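Predicted, not measured: the structure shown is a model, and the values here were computed from it. This chain uses plain numbering: 1 for the first residue, then up along the sequence. Only heavy atoms go into these numbers, but all of them, side chains included; no hydrogens, no water, no symmetry mates.
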Amino acid sequence: MPSNIIAFDIGTAQLKLAWFSGKTCRLTASAPVPDGLVRGGVIVSMDAMADFLWQLTKEHNLPRKAQAAVILPASLTFTRVTELPPMTAAQLTYNLPFEFKDYLTQEKNKYYFDYAVQELTRDETGTVRQMKLFACAALKSTVEDYRNMFARAGMKLAAALPEEAAYAALLSADSAQPDGDTDHCFVDVGHTGIRMYILRGDRFLTRRTIDLGVADLIRSISQRQGVDEHIALAHLLSDYDGAVSDPASLEVYHRMAAEITKAVNFYNYNNREKTLSRVYLCGGGAAITQIHDAIRQLTDLEICPVTRLLPDGISPDEAYLYPRAVGCALQD
């Protein structure tokens with residue numbers, strides 16, 4: 001990764017960026033995404049998004065012609081953890097596409113494939129017998145669309161990462177981690193849903209998706225108060241008329257907490273040699289303390305502040321927004 005880079009995490013409702021020089025964070029910033037510009041994680045108009053990025057770089061005095069990195073949404077990538085016999089890089093280049101044969105919707109030559117070695121299993125003589133890889137695939141046309149978008153915004157795309165790789169890079173860069181065998185769970189409370197990423201050390205294990213997000217809370221407020229969803233969002237942000245702590249809102253929080261708890265319990269049931277006991281809440285919904293309270297009421301999970309994983313220079317009041325952007329910037 002270049003020594004001076006701006007990493008972007010483009011969500012449905014909010015865009016987050018982190019500007020790094022080496023390992024030093026120079027700036028983090030966020031901005032609401034214009035209505036309808038991103039749907040289901042996919043950018044509807046690359047030209048309109050490029051113009052939006054250009055405006056943001058001007059507002060925040062970001063370096064012109066900077067190197068950029070971006071998180072690719074899950075809907076545009078294929079990822080999996082797989083085990084293979086030891087291979088050379090050339091052999092992996094040939095064989096990796098076959099690991100995605102049940103996922104790809106087009107010819108394999110239309111995709112980019114990449115991987116990270118997570119673990120090597122050796123026999124008693126020290127000879128490698130098995131390789132565990134985190135592998136990913138994305139359409140070349142998707143990467144080219146992003147490349148052109150950033151070029152229009154005055155930047156050069158240096159890296160495009162799946163979400164899982166950003167979280168892994170964040171943990172890998174954290175020198176305070178005691179060992180590589182601790183299980184971590186990032187719970188991204190987003191606009192359209194909750195996504196949970198479970199890693200052991202800095203090795204991605206699995207992902208869970210919950211179809212319940214901040215948009216459901218906004219709709220609940222909208223229906224209860226008889227206002228449109230834009231006004232309901234404003235009421236949520238300002239806690240107008242007790243919107244945040246209304247009983248109907250509390251019911252949404254408890255539904256979220258119940259689904260998160262179920263996912264953690266399912267993971268622990270299937271991984272009894274380890275116990276997942278800590279979660280990092282992030283995403284826009286993590287600012288709502290009632291969600292934290294609901295999780296604590298239903299489970300004994302430790303809710304860890306994501307600030308402990310982030311470098312200095314990031315405001316703790318908004319740290320929950322930036323883990324993926326920071327991880328993207330720190331990816332080697």
**Prompt:** Side chains of T125 and D123: donor-acceptor distance under 3.5 Å anywhere?
**Reply:** yes

**Request:** Look at the aromatic rings of F113 and F100 and report parallel, tilted or perpendicular, splitting at 30° and 60°.
**Result:** tilted

**Prompt:** Does V44 share a hydrophobic cluster with L15, counting links as ILVMFWY side-chain heavy atoms below 4.5 Å and allowing steps through other members?
**Reply:** no

**Asked** Would you say Y112 and C136 make side-chain contact, with heavy atoms under 4.5 Å?
**Response** no

**Prompt:** Under 6.0 Å between ring centres, would you say that holds for F150 and F8?
**Reply:** yes

**Prompt:** Is it true that V189 and V244 fall in one hydrophobic cluster, defined by side-chain heavy atoms closer than 4.5 Å?
**Reply:** yes

**Message:** Within the 3.5 Å criterion, strictly below it, is a donor on T209 or R195 matched to an acceptor on the partner's side chain?
**Reply:** no

**Prompt:** Hey, mind stepping through L139 and E144 against side chain to side chain contact (heavy atoms under 4.5 Å, CB included) and telling me if it holds?
**Reply:** CA-CA 9 Å; L139 280 167; E144 194 60 30; over 6 Å; no

**Message:** Assigning hydrophobic clusters by single linkage (Ile, Leu, Val, Met, Phe, Trp, Tyr; side-chain heavy-atom cutoff under 4.5 Å), is I291 placed with L217?
**Reply:** yes

**Request:** State, with a plain yes or no, whether a side-chain heavy atom of W54 is found less than 4.5 Å away from one of R152.
**Result:** no

**Message:** Once rounded to the nearest 0.5 Å, what's the spacing between atom CD of E163 and atom CZ of F204?
**Reply:** 9.5 Å

**Asked** For Q225 and H235, does a side-chain donor sit closer than 3.5 Å to a side-chain acceptor?
**Response** yes

**Prompt:** Got a sec, which pairs hit side-chain hydrogen bond (donor to acceptor under 3.5 Å, both in side chains) with one end in residues 259-271, sequence neighbours left out?
**Reply:** D183-Y267, R200-Y267, E259-K262, Y269-R272

**Prompt:** Taking Y240 for the side chain and A232 for the main chain, is one N or O donor matched with an acceptor at less than 3.5 Å?
**Reply:** no

**Asked** Under the 3.5 angstrom rule, does the side chain of Q223 hit a backbone N or O of S220 as a donor-acceptor pair?
**Response** no

**Request:** Indicate, with yes or no, if V187 and V214 share a hydrophobic cluster defined by side-chain heavy-atom contacts under 4.5 Å among Ile, Leu, Val, Met, Phe, Trp and Tyr.
**Result:** yes

**Student check: side-chain heavy atoms of M256 and I194 closer than 4.5 Å** = yes

**Prompt:** Which is it for F186 and L171 under the side chain to side chain contact (heavy atoms under 4.5 Å, CB included) test, yes or no, and what are the steps along the way?
**Reply:** CA-CA 11 Å; F186 292 90; L171 288 168; 3.8 Å; yes

**Item:** Short side-chain to backbone donor-acceptor contact, D241 and A243, under 3.5 Å
**Value:** no

**Request:** May I ask you to test the I10-V70 pair for a side-chain heavy-atom distance under 4.5 Å?
**Result:** yes

**Message:** Can you tell me how far apart CD1 (I198) and CG (L276) are? Round to the nearest 0.5 Å.
**Reply:** 5.5 Å

**Message:** Is there a path of hydrophobic side-chain contacts, each under 4.5 Å between heavy atoms of I/L/V/M/F/W/Y residues, joining L301 to Y280?
**Reply:** no

**Request:** Could you tell me whether R39 atom CZ has more than 12 heavy atoms of other residues or ligands within 6.0 Å of it?
**Result:** no

**Message:** Give me the atom names and distance for the closest heavy-atom approach of I218 to L236.
**Reply:** CG1-CD2, 4.1 Å

**Message:** Does any part of the side chain of M49, heavy atoms only, come nearer than 4.5 Å to the side chain of L37, both counted from C-beta?
**Reply:** yes

**Step-by-step side chain to side chain contact (heavy atoms under 4.5 Å, CB included) determination, L281 to V306** = CA-CA 7 Å; L281 289 187; V306 76; over 6 Å; no

**Request:** Please check if the side chain of S222 supplies one atom and the backbone of V227 the other of a donor-acceptor pair under 3.5 Å.
**Result:** yes

**Prompt:** So, for R324 and A166, which heavy atoms are closest and what is the spacing to 0.1 Å?
**Reply:** O-CB, 3.6 Å

**Prompt:** For the side chain of N95 and the backbone of Q91, is there at least one donor-acceptor N/O pair under 3.5 Å apart?
**Reply:** yes

**Asked** Could you walk me through whether D202 and H184 pass the side chain to side chain donor-acceptor pair (under 3.5 Å) check?
**Response** CA-CA 9 Å; D202 60 359; H184 308 268; over 6 Å; no

**Prompt:** Can you tell me if S21 uses its side chain to pair, donor with acceptor, with the backbone of T24 under 3.5 Å?
**Reply:** no

**Message:** If you count every heavy atom of other residues, nucleotides or ligands that lies below 6.0 Å from K140 atom NZ, does the total exceed 12?
**Reply:** yes

**Request:** Report yes or no: is the cationic atom of K16 (NZ for Lys, CZ for Arg) closer than 6.0 Å to the six-membered ring centre of Y322, at no more than 45° off its axis?
**Result:** no

**Pair T105, Y111: side-chain N/O donor-acceptor within cut-off below 3.5 Å** = yes

**Prompt:** When rounded to the nearest 0.5 angstrom, what distance separates NE2 in H292 from CD in Q297?
**Reply:** 13.0 Å

**Prompt:** Which is it for M196 and R207 under the side chain to side chain contact (heavy atoms under 4.5 Å, CB included) test, yes or no, and what are the steps along the way?
**Reply:** CA-CA 5 Å; M196 301 175 63; R207 179 180 64 198; over 6 Å; no

**Request:** For atom CG of D228, decide whether the heavy atoms of other residues, nucleotides or ligands shown that lie under 6.0 angstrom number more than 12.
**Result:** yes

**Message:** Within a 6.0 Å radius of atom NE2 on H60, are there more than 12 heavy atoms belonging to other residues, nucleotides or ligands?
**Reply:** yes

**Item:** Shortest non-hydrogen contact from G283 toward D188
**Value:** CA-OD1, 3.3 Å

**Request:** Please report the closest heavy-atom contact between I5 and A69, naming both atoms and the distance.
**Result:** CD1-CB, 3.8 Å

**Item:** R255 and D216 ion-paired at < 4.0 Å
**Value:** no

**Asked** How long is the gap from CD on E302 to CD1 on I295, to the nearest 0.5 Å?
**Response** 12.5 Å

**Prompt:** Under 3.5 Å, side chain of S172 to main-chain N/O of A168, donor-acceptor pair present?
**Reply:** no

**Request:** May I ask you to test the L72-Y146 pair for a side-chain heavy-atom distance under 4.5 Å?
**Result:** yes

**Message:** Does either side chain, that of E99 or that of T82, offer a donor lying less than 3.5 Å from an acceptor on the other one?
**Reply:** yes

**Asked** Can you tell me how far the OG1 atom of T192 sits from the CG atom of D211, to the nearest 0.5 Å?
**Response** 8.5 Å

**Asked** Less than 4.0 Å between a side-chain N and a carboxylate O, is that true for K110 and E107?
**Response** no

**Message:** For a 4.5 angstrom cut-off between non-hydrogen side-chain atoms, does V42 reach L76?
**Reply:** yes

**Item:** Nearest heavy atoms of C25 and P311, plus distance in Å
**Value:** CB-CG, 4.5 Å

**Prompt:** What is the minimum heavy-atom distance between A165 and L161, and which atoms define it?
**Reply:** CB-CB, 4.4 Å

**Request:** Mark yes or no for whether S238, through its side chain, and A234, through its backbone, hold a donor-acceptor pair below 3.5 Å.
**Result:** yes

**Asked** Do I221 and S249 come close enough that some side-chain heavy atom pair is under 4.5 Å?
**Response** yes

**Asked** Would the number of heavy atoms belonging to other residues, nucleotides or ligands and lying under 6.0 Å from CG of D312 be above 12?
**Response** no

**Asked** What is the distance from atom CD1 of I303 to atom SG of C185, rounded to the nearest 0.5 Å?
**Response** 11.0 Å

**Asked** Among T28, I6, V326, whose side-chain contact (heavy atoms from CB on, under 4.5 Å) with F20 holds?
**Response** V326

**Request:** Would you sort out whether R129 and T127 count as a side chain to side chain donor-acceptor pair (under 3.5 Å), showing the intermediate values?
**Result:** CA-CA 6 Å; R129 295 300 183 189; T127 303; 4.7 Å; no

